[in-house]
Amino acid sequence: MGNIIYRRKKDSKENNGSRSRRTGGRSQRKMAAEEELLHRQALSMVLHQHQLSQRFDGSMSRRIGSTSSRRHTDPLANNEKKVVESLENIKFRRVVLIHGEGFGAWCWYKTIAQLEEVGLLPTAMDLTGSGIDLTDTNTVTTLAEYSKPLIQYLEALPEDEKVILVGHSSGGACLSYALENFPEKISKAIFLCATMVSNGQRPFDVFAEELGSAERFMQESEFLIYGNGKDEPPTGFMFEKQLMKGIYFNHSPTKDVALAMVTMRPTPLGPIMEKLSLSPEKYGSGRRFYIQTLDDRALSPDVQEKLVRENPPEGVYKIKGSDHCPFFSKPQSLHKILIEIVQIT
């Protein structure tokens, strides 16, 4: 499996100073030009994703287009063909990708392409107030509101249809909410370095080791957003860009980080502060899998290990060398794991 383990980032002085300043100026201009180029590339990707999403109802998006030319030049084409053949008899082929805090459907663009190439039917969606969904994040106060696009999707499924859910980071809370409310619609739930909470826990509790207690965070954090005014409780949060680069993207490619920097949005606070009510009969009956990321600075490996120990899933997988965003930093390793889980009967 490569990087995958499975367990079931005026004198000479004056002249020299002048030359140094000129050199420094050129260096700064070069850096600024490079950064501008990256931003343009990222914006182009976002606009392309937005145009594709218009071909679907609401704010759901899927990558569309022929990949045949890429298959002809891919050195792994034979392996891919074998995977396609092995998936031919899979009954449930729909894979729904749920993003984490601040992200949107756009973050799954590599995963979507890989899953489509092996014949699966991936769908990435923007949660309420995320991605290109126009809802003001300051008005999203409950997990039910935040998860509404996912709930509407599950409600619209044919009676005999099920899906595989994949939830990243705090998007894991949406998976838990969906498992409790629509267990009959979900074939498998895959938590990707995610908030796989137990009954009575808040999604925020999972991050307490890094961010402190919920009460302390609400009182002291410099990243809070007060959408209703300073005299009212905070409505959201968003980390400063340099901090995000360090905790989310320590192994991610520069272009993906640039994409994230121009695309990420504030996260509504209410949904991650809400305690979940999860029953053994509904949530407990679901087939859960957990994927751990072993160089994660947002949700440490120790915390992820604690989650699976306290709330054991059916299977646990690990990706070496991955930051908190394996869909950027380790897309191939993530893809292999997803395919393996899809194939489990």
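There is a path of hydrophobic side-chain contacts, each under 4.5 Å, that joins Leu224 to Ile272. Note on Leu121 and Phe92: separate hydrophobic clusters, where clusters join Ile, Leu, Val, Met, Phe, Trp and Tyr whose side-chain heavy atoms are under 4.5 Å apart, directly or indirectly.
Looking only at side-chain heavy atoms (C-beta outward), Ile339 and Leu120 come within less than 4.5 Å of each other. Between Ile151 and Phe182 there is a side-chain heavy-atom pair separated by less than 4.5 Å. Glu240 is not listed as a side-chain neighbour of Glu222, based on a closest heavy-atom distance of 4.5 Å or more. Contact of the Pro268 side chain with the Thr141 side chain is not registered, since no non-hydrogen atoms from C-beta on lie closer than 4.5 Å. Proximity of Leu115 to Val342: side-chain heavy atoms (C-beta onward) are nowhere separated by under 4.5 Å. You'll find the side chain of Tyr109 reaches within 4.5 Å of the side chain of Asp256, heavy atoms only. Between Ser333 and Ser322, the closest side-chain pair of non-hydrogen atoms is not below 4.5 Å. Two residues are said to be in side-chain contact when any heavy atoms from C-beta on lie closer than 4.5 Å; Leu276 and Tyr283 fail this criterion.
No side-chain donor-acceptor contact under 3.5 Å links Ser130 to the backbone of Asp126. Judged purely by atom type and a 3.5 angstrom limit, Asn311 has no side-chain atom pairing as donor or acceptor with the backbone of Leu307. Put simply, the side chain of Thr142 gets close to the backbone of Glu145: a donor and an acceptor are under 3.5 Å apart. Panel note: side chain His99, backbone Leu127; a donor-acceptor pair is recorded below 3.5 Å. Side chain of Asn199 to backbone of Leu278: a donor-acceptor contact under 3.5 angstrom is found. Between the side chain of Arg297 and the backbone N or O of Phe249, no donor-acceptor pair lies under 3.5 Å. Between the Arg93 side chain and the Gly119 main chain, a donor and an acceptor come within less than 3.5 Å of each other. Proximity of a side-chain donor or acceptor of Tyr290 to a complementary backbone N or O of Ala194 within less than 3.5 Å is detected. At distances below 3.5 Å, not a single donor-acceptor pair connects side-chain atoms of Arg94 with backbone N or O atoms of Thr123.
Annotation for Lys282: atom NZ does not count as buried by contact number, only 12 or fewer foreign heavy atoms lying within 6.0 Å. Other residues, nucleotides and ligands contribute over 12 non-hydrogen atoms within 6.0 Å of the NZ atom of Lys185.
Taking all atoms of both residues into account, the shortest heavy-atom contact from Ile344 to Glu314 is CG2-OE2, 4.1 Å. Gly102 and Trp106 get closest at one heavy-atom pair: O-CZ2, 4.5 Å. Leu334 and Pro326 get closest at one heavy-atom pair: CD2-C, 4.2 Å. In plain terms, the two heavy atoms of His324 and Ile247 that are nearest each other are CB-O, 4.1 Å. Counting all heavy atoms, side chain and backbone alike, Cys193 lies closest to Asp296 at CB-OD2, 3.7 Å. When all heavy atoms of Met125 and Ile98 are compared, the closest pair comes out as CG-CD1, 3.8 Å.
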(request) Go through Glu101 and Ser169 one step at a time and tell me if the side-chain hydrogen bond (donor to acceptor under 3.5 Å, both in side chains) criterion holds. (result) CA-CA 7 Å; Glu101 66 283 355; Ser169 199; 2.8 Å; yes
(request) Begin from the C-alpha positions of Thr195 and Phe207 and carry the test side-chain contact (heavy atoms from CB on, under 4.5 Å) through to its verdict. (result) CA-CA 8 Å; Thr195 52; Phe207 296 97; 3.4 Å; yes
(request) Please lay out, stage by stage, how Glu180 and Ser279 fare under the test side-chain contact (heavy atoms from CB on, under 4.5 Å). (result) CA-CA 7 Å; Glu180 180 64 23; Ser279 67; 2.9 Å; yes
(message) Does Met238 form a side-chain contact (heavy atoms from CB on, under 4.5 Å) with Met244? I'd like the steps, not just the answer.
(response) CA-CA 9 Å; Met238 187 170 187; Met244 281 197 289; 4.2 Å; yes
(request) Show your reasoning for whether ring pair (Phe, Tyr, Trp, His ring centres under 6.0 Å) applies to Tyr248 and Phe103. (result) CA-CA 11 Å; Tyr248 285 118; Phe103 292 86; 5.8 Å; yes
(request) Start with the C-alpha distance between Phe239 and Phe223, add both sets of side-chain angles, then the distance that settles ring pair (Phe, Tyr, Trp, His ring centres under 6.0 Å), and finish with yes or no. (result) CA-CA 6 Å; Phe239 297 122; Phe223 307 112; 5.2 Å; yes
(request) Please step through side-chain contact (heavy atoms from CB on, under 4.5 Å) for the pair Leu97 and Phe327, ending with a clear verdict. (result) CA-CA 11 Å; Leu97 305 163; Phe327 38 74; over 6 Å; no
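Note that CG of Leu299 and NZ of Lys306 are 11.5 Å apart. Values are rounded to the nearest 0.5 Å. Atom CZ of residue Arg288 and atom CD1 of residue Ile341 lie 12.5 Å apart, to the nearest 0.5 angstrom. The line from CG of Asn181 to CD of Glu155 is 9.0 Å long, rounded to the nearest 0.5 Å. Annotation: the span from Lys330 atom NZ to Lys110 atom NZ amounts to 11.5 Å, rounded to 0.5 Å. In this structure, OH in Tyr317 is found 13.5 Å from CG in Leu192, a value given to the nearest 0.5 Å. The CZ atom of Phe237 sits 13.0 Å away from the OH atom of Tyr226 when rounded to the nearest 0.5 Å.
Across Asp136, Thr137, Asn138, Thr139, a single residue satisfies side-chain hydrogen bond (donor to acceptor under 3.5 Å, both in side chains) together with Thr235, and that is Asn138. Paired with Gln292 under the rule side-chain hydrogen bond (donor to acceptor under 3.5 Å, both in side chains), one option of Lys320, Glu305, Gln304 passes, and it is Glu305.
No side-chain donor from either of Ser300 and Asp302 sits under 3.5 Å from a side-chain acceptor of the other.
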